Number of protein chains: 2
Amino acid sequence: MSRRQFESESEFLRRYDPKSFDPLSLTTDLLVFSVSDGETENYRKLPEKKFSLLLVKRSSHPFFGKWCLPGGFVELRESIDEAAVRILKHETNLSDIYMEQLYTFGSPDRDPRMRIASVAYMALVDKDRLNDRLDDRASWFHLKTRESEDRMDVVMDNGEESLSVRLKKTLCHHTVNSYKFEVIENESLAFDHALVIAEGLNRIKNKIQYTDIAFNMMPSSFTLGELQQVFEVILAKKLLDPAFRRMIADTVEKTGEFRTGGGHRPSALYRHKK
Amino acid sequence: MSRRQFESESEFLRRYDPKSFDPLSLTTDLLVFSVSDGETENYRKLPEKKFSLLLVKRSSHPFFGKWCLPGGFVELRESIDEAAVRILKHETNLSDIYMEQLYTFGSPDRDPRMRIASVAYMALVDKDRLNDRLDDRASWFHLKTRESEDRMDVVMDNGEESLSVRLKKTLCHHTVNSYKFEVIENESLAFDHALVIAEGLNRIKNKIQYTDIAFNMMPSSFTLGELQQVFEVILAKKLLDPAFRRMIADTVEKTGEFRTGGGHRPSALYRHKK
DNA sequence: CTAATAGTGTCTATTAGACAGTATGTT
DNA sequence: AACATACTGTCTAATAGACACTATTAG
């Protein structure tokens with residue numbers, strides 16, 4: 001045993017040299033999800049809801065020209081959560097947004113520059129709050145997912161480009177909703193971001209069913225039809241009206257207002273009950 | 001714009017200097033949970049199950065002499081998962097153990113030496129596989145938790161020392177099972193490990209109810225009474241027999257063997273059905 | 001009137017909670 | 001016989017799925 005254990009903690013810290021360690025960096029990558037209205041062909045049909053994800057075109061090496069999740073380095077004096085908030089603010093000019101840590105990705109070769117671990121966060125944004133002050137290089141992509149027992153295919157489209165990713169799903173420990181993903185096909189996404197997206201989609205699909213995170217993507221008042229559409233587009237399946245209304249019954253309350261003008265019976269407006 | 005965007009990716013990478021960044025390290029901390037038998041006062045009573053957690057006494061600065069989770073630095077050429085596996089092997093001599101990533105902790109001041117982020121993992125071990133080859137400084141602590149709406153108290157006892165931690169629970173976003181924890185009282189645990197333990201307990205309490213992770217803490221054959229005790233000690237509440245048996249019915253199968261000698265009706269032995 | 005969505009009533013099937021009962025070993 | 005656990009039957013309450021029905025408006 002060296003004499004080090006006999007010195008005081010403050011002496012020990014004085015001698016400690018952080019620069020002597022292998023260089024490693026920490027980043028956060030953000031999955032910013034939102035829901036927006038599509039087009040209506042018919043004046044009386046409701047606009048279709050689109051599930052969307054914010055991507056950024058890389059303007060520097062590595063992966064120059066490819067799309068990736070907004071992200072950046074964690075600075076020395078901020079927590080990882082603070083870094084995520086700062087980066088979201090920088091990319092979208094938004095603050096006070098729902099955010100949760102998703103997973104930390106740390107394969108040694110996930111970034112060609114150096115050893116970089118990345119803590120992924122998921123943010124949920126009401127599109128109405130997106131005041132057009134997006135970063136130039138950022139763009140919203142509509143998301144379409146198709147899932148089977150052992151596959152997950154994701155198609156992303158921003159109106160100009162269409163990106164597609166295919167992943168293999170493996171059930172972990174014989175359990176519902178606990179999967180490991182592997183990328184089978186990915187042309188257009190940088191780093192391991194296809195994986196991050198898959199994990200995020202998995203998380204939101206599960207969590208929307210037993211928490212009230214969905215309201216973070218809704219404006220302050222909404223109809224139950226709109227809310228149901230949001231669930232349907234995220235879960236990628238139709239829901240039955242009475243069952244859906246029972247499910248969300250005690251998380252919403254009527255505002256007393258109605259939305260008219262749709263060529264059909266007016267719908268009551270609701271807000272999230274806290 | 002600099003001319004950098006016109007150089008090739010390989011030229012860019014050649015010029016890239018990892019040493020120019022602020023020094024930061026990455027560690028993993030392991031929550032190693034297990035279940036073991038307590039004592040029996042009465043020959044015909046079943047031994048009480050104890051939920052237990054592996055802690056290590058710190059033999060160097062910082063937090064010299066305090067207890068902490070087993071952990072260590074992530075090395076440059078291994079993934080974070082690989083680091084967790086390596087550290088578990090080093091502390092317990094066990095491999096091929098169930099492990100899942102829990103959460104990444106990264107407050108700038110969580111370690112007094114330097115900026116260190118830590119990725120916490122949860123490992124579940126069948127105590128019968130623990131072949132006494134524990135690290136000298138490591139010790140199993142029996143865990144007792146008491147939870148109320150806004151509090152979580154944890155008492156850990158290894159027969160010689162008793163550590164106690166009190167935390168405040170805050171419900172996140174009006175949702176069941178999604179909490180933020182803050183440490184109110186903690187004398188004996190190093191770093192922010194009281195927080196890590198709270199997050200881990202929360203995770204296992206939830207996940208045991210909708211996955212089959214519990215079997216990772218069971219020996220290859222067991223009685224349903226033992227299995228039920230494991231659920232009861234982790235959830236910290238009594239369960240009704242018929243409901244419990246219905247719940248786990250399709251995750252187990254009979255081995256055909258029976259356990260006799262208990263002063264009561266023999267119990268059928270089961271195994272985990274995959 | 002018609003197309004379209006809004007919203008409700010109700011029947012049924014499934015699941016969860018509770019309790020009481022029977023079974024069978026050891027001392 | 002007594003005790004302790006093993007295991008099952010069944011009643012009831014709550015929840016989820018399915019379908020059919022009524023309501024209301026713009027054009």
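Keep in mind that the numbers below use all heavy atoms, side chains included, and drop hydrogens, waters and symmetry copies. This structure is a prediction, so every number in the text was calculated from the model and none was measured.
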What is the distance, to the nearest angstrom, from the CG atom on Leu224(A) to the P atom on dT5(C)?
15 Å
Quick check on DNA chain C: between Thr223(A) and Gly263(A), whose nearest nucleotide comes earlier from the 5' end?
Gly263(A)
Could you work out which one of dA4(C), dA6(D), dG7(C) sits closest to the side chain of His264(A)?
dA4(C)
DNA chain D: Pro266(A) or Tyr43(A), which has the more 5' nearest nucleotide?
Pro266(A)
Rounded interatomic separation in angstrom, taking CG from Leu46(B) and P from dC3(D)
17 Å
From CG of Asp250(A) across to C1' of dT15(D) the rounded distance in Å is 13 Å
Angle between ring planes, Phe244(B) versus Phe231(B), binned at 30° and 60°: parallel, tilted or perpendicular?
perpendicular
Think Asn42(A) has a side-chain N or O under 4.0 angstrom from the OP1 or OP2 of dA3(C)?
no
Run the salt-bridge test on Lys169(A) and Glu149(A) with the 4.0 Å N-O cut-off and return the result as yes or no.
no
Determine whether Glu253(A) and Lys273(A) satisfy the following criterion, salt bridge (Lys or Arg N to Asp or Glu O under 4.0 Å), listing intermediate values before the conclusion.
CA-CA 6 Å; Glu253(A) 61 191 6; Lys273(A) 184 161 80 183; 5.3 Å; no
Output the rounded distance in Å from CZ (Arg245(A)) to C1' (dT22(D)).
13 Å
Under 3.5 Å between N/O atoms: give me all the protein pairs with nucleotides 11-20 of chain C, atom names plus distance.
{"residue": "dG17(C)", "atom": "N7", "partner": "Arg246(B)", "partner atom": "NH2", "Å": "2.7"}

Mind checking if Ser267(B) touches a base, just sugar-phosphate, or nothing, with heavy atoms under 4.0 Å?
sugar-phosphate
Whole-Å distance between dT5(C) P and Phe244(A) CZ?
16 Å
Over 60° means perpendicular and under 30° means parallel, so tell me whether Phe222(A) and Phe215(A) are parallel, tilted or perpendicular.
tilted
Rounded to whole angstroms, how far apart are CZ on Arg44(B) and C1' on dC3(D)?
4 Å
Length of the line joining Lys45(B):NZ and dA4(D):P, which is rounded to integer Å
6 Å
To the nearest Å, give me how far apart CD (Glu232(B)) and P (dT5(D)) are.
12 Å
Work out which heavy atom in Leu30(A) is nearest to a heavy atom in Ala84(A); give both atom names and the distance.
CD1-O, 3.7 Å
Is Glu226(A) salt-bridged to Arg259(A), going by a charged N under 4.0 Å from an acidic O?
yes
State the pairing partner of dT2(C); accept Watson-Crick or G-U wobble contacts with both distances under 3.5 Å, and report none otherwise.
dA26(D)
Considering only NZ, NE, NH1 and NH2 on the basic side and carboxylate oxygens on the acidic side, decide whether Lys237(A) and Glu232(A) come within less than 4.0 Å.
no
